[in-house]
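None of these values were measured; they are calculated from a predicted model.
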Amino acid sequence: MRTATLGPAERTEALAAMAERELDVLVVGAGVVGAGTALDAATRGLSTGLVEARDWASGTSSRSSKLIHGGLRYLEMLDFALVREALKERGLLLERLAPHLVKPVPFLYPLQHKGWERMYAGSGVALYDAMSVSSGHGRGLPVHRHLSRQGALRVAPCLRKDALVGALQYYDAQMDDARFVTTLVRTAASYGAKVASRARVVGFLREGERVVGARVQDVESGGEYEIRAHQIVNATGVWTDDTQALIGERGQFHVRASKGIHLVVPKDRIHSTTGLILRTEKSVLFVIPWGRHWIIGTTDTDWDLDKAHPAASSADIDYLLEHVNSVLATPLTRDDVEGVYAGLRPLLAGESDATSKLSREHIVAHPVPGLVVVAGGKYTTYRVMAQDAVDAAVHGLDKRVAACVTEDTPLLGAEGYKALWNARARIAARTGLHVARVEHLLNRYGSLTEEILDLVVADPALGAPLPAAEDYLKAEIVYAASHEGARHLDDVLTRRTRISIETFDRGTLSARECAELMAPVLGWDAHQIDKEVEHYDKRVEAERESQRQPDDLTADAARLGAPDIVPI
């Protein structure tokens, strides 16, 4: 089994190695597209580097609806090519590339009109299923079914009886988006890519018109590296225009940011065995099963304020509660909300000012020699975007390069996952962990679960759950710092785990214990532990304050009250 450890020593080595020898490809930005691009390039035999200004997936790619889906609503827009492409990718991820991370999830679509709506919506969902199967990778999901009102209320007793006349149920898939990106990065590293987070591009190296490298600042130590590469891929999402400005031009297209916020509520607040999909006047609203929680989202509004930390306002939260409560027999209140998160979609500017009408297609461009830009798209089709970006970069390389192989390259943890899943009862008996705990680990790490269990064997105290966040073992916190590139407390509480949105305290009660678990791995002393905890507490308070503000402008100002970077 191929593996890759991304600890402090490996990060230092990666930065030095990237600066030492010219790379074939340097990828800027470690969201899902950048991480996928690094994997694509590395698996073609190219010497590859990946740098990220903050943490893996710290932007859009950790703040999505956490769905892998074909985009049912794009059928209504007659965008069949996008849906077909996304459904193929969904099938590949479920069946071959990441079965440990990507799981089927059912959705119920309530019908509000008799006759015509069932025929209209039913034909759309039937086409969706047919396109999935015709892609060659869609046989793993159940087909849709029609339900009467009584049948719908049996699977979703939470619904008001007057909110529907019947329903359709269909399947899509979901994943933990930040964990998926971390796994992508580690997989790229296992095939030889050099990867470093907290490494910000502050300028590009030029020889005439050609871009030949980047100046990269080590955000942790303050040092600066010159990393030379034959081709650079700009995969910075909503920061695309900002990155392009470093070479003195915007480029051939413009990327706009659309804000989407999500609420997280406990499982017992909504009585249902299925997710829900509801129409709103602007888009669609999802109620998505999420372990012992539900995720409710999303909004779709233009955003031109701070990109690093988009803020959810009180108006955003009220909007979601109002729309979900329109169909719930027992309405949700603010007191039911455990967590709130906001993310920005990178949309290609279109003819309409309405962000929901901007393009979700992706674009790859070669604006100047030596630089490729990839932007737009959707999470599900990251692999196609990465393939297109590397294909464009290959045109600028003076050598023959193999074709893309990522369609047949499982992510770390996929190989052997199903066998371990079948043996989960024996693993539980061997380790003394409850079988539900073993299932939790397998669905987060796949066959890499054995590495977590090795930590517990070495220190049995790590087999205990965190007192204030019992879904997670202490070993997972150590592993995040030693193997997954977590550099700060915020990385662990918001991305390696989801404690920041899955607990009413937003992770503040777990902060000090997590920092103390990370400290030996990262070389922190007591003073640094205090700084990490203080920084995290300020971040949570700033987010809470922003969510009390009436609009985007005041929410953004409140969120900016917390510092962005923890000093070392």
Just by distance, do the side chain of Asp24 and the backbone of Ser47 share a donor-acceptor pair under 3.5 Å?
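Looks like yes, one N/O pair under 3.5 Å.
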Side chain of Ser58, backbone of Arg54: donor and acceptor closer than 3.5 Å?
no
Lys66 to Tyr341 six-membered ring, cation-pi geometry met (6.0 Å, 45°):
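Judged by the rule, Lys66 and Tyr341 form a cation-pi pair.
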Step by step, work out the side-chain contact (heavy atoms from CB on, under 4.5 Å) result for Ser62 and Val181.
CA-CA 8 Å; Ser62 62; Val181 173; over 6 Å; no
Please check if atom CZ in Arg21 has more than 12 non-hydrogen atoms from other residues, nucleotides or ligands closer than 6.0 Å.
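12 or below, so no.
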Is atom CG of Leu553 surrounded by more than 12 heavy atoms (other residues, nucleotides or ligands) closer than 6.0 Å?
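No, the 6.0 Å shell around CG holds no more than 12 heavy atoms from other groups.
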Are [X] and [Y] ion-paired here, with the side-chain N under 4.0 Å from a carboxylate O?
{"X": "Lys307", "Y": "Asp242", "answer": "yes"}
{"X": "Asp300", "Y": "Arg345", "answer": "yes"}
{"X": "Arg198", "Y": "Asp55", "answer": "no"}
{"X": "Lys194", "Y": "Glu13", "answer": "yes"}
{"X": "Arg63", "Y": "Asp177", "answer": "no"}
{"X": "Glu543", "Y": "Arg559", "answer": "yes"}

Quick check on the 6.0 Å ring-centre criterion: do Tyr479 and Tyr472 meet it?
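No, the ring of Tyr479 stays outside the 6.0 Å limit from the ring of Tyr472, centre to centre.
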Is the ring centre of Tyr74 less than 6.0 Å from the ring centre of Phe80?
no
Show the numbers, then the answer: is there a side-chain contact (heavy atoms from CB on, under 4.5 Å) between Glu407 and Arg96?
CA-CA 9 Å; Glu407 191 170 315; Arg96 182 187 303 166; 3.9 Å; yes
Assess the residue pair Ile477 and Arg496 against the criterion (side-chain contact (heavy atoms from CB on, under 4.5 Å)); give the C-alpha distance rounded to whole Å, side-chain angles, the decisive distance to 0.1 Å, and a yes or no.
CA-CA 8 Å; Ile477 309 304; Arg496 303 304 182 281; over 6 Å; no
Decide side chain to side chain donor-acceptor pair (under 3.5 Å) for His262 and Ser65; before the verdict, give the C-alpha distance in whole Å, the side-chain angles of both, and the deciding distance to 0.1 Å.
CA-CA 7 Å; His262 296 78; Ser65 296; 2.7 Å; yes
For Ala235 and Val27, work out which heavy atoms get closest and say how close.
CB-CG1, 4.4 Å
Taking it one step at a time, do Phe180 and Leu411 satisfy side-chain contact (heavy atoms from CB on, under 4.5 Å)?
CA-CA 9 Å; Phe180 188 91; Leu411 303 193; 3.7 Å; yes
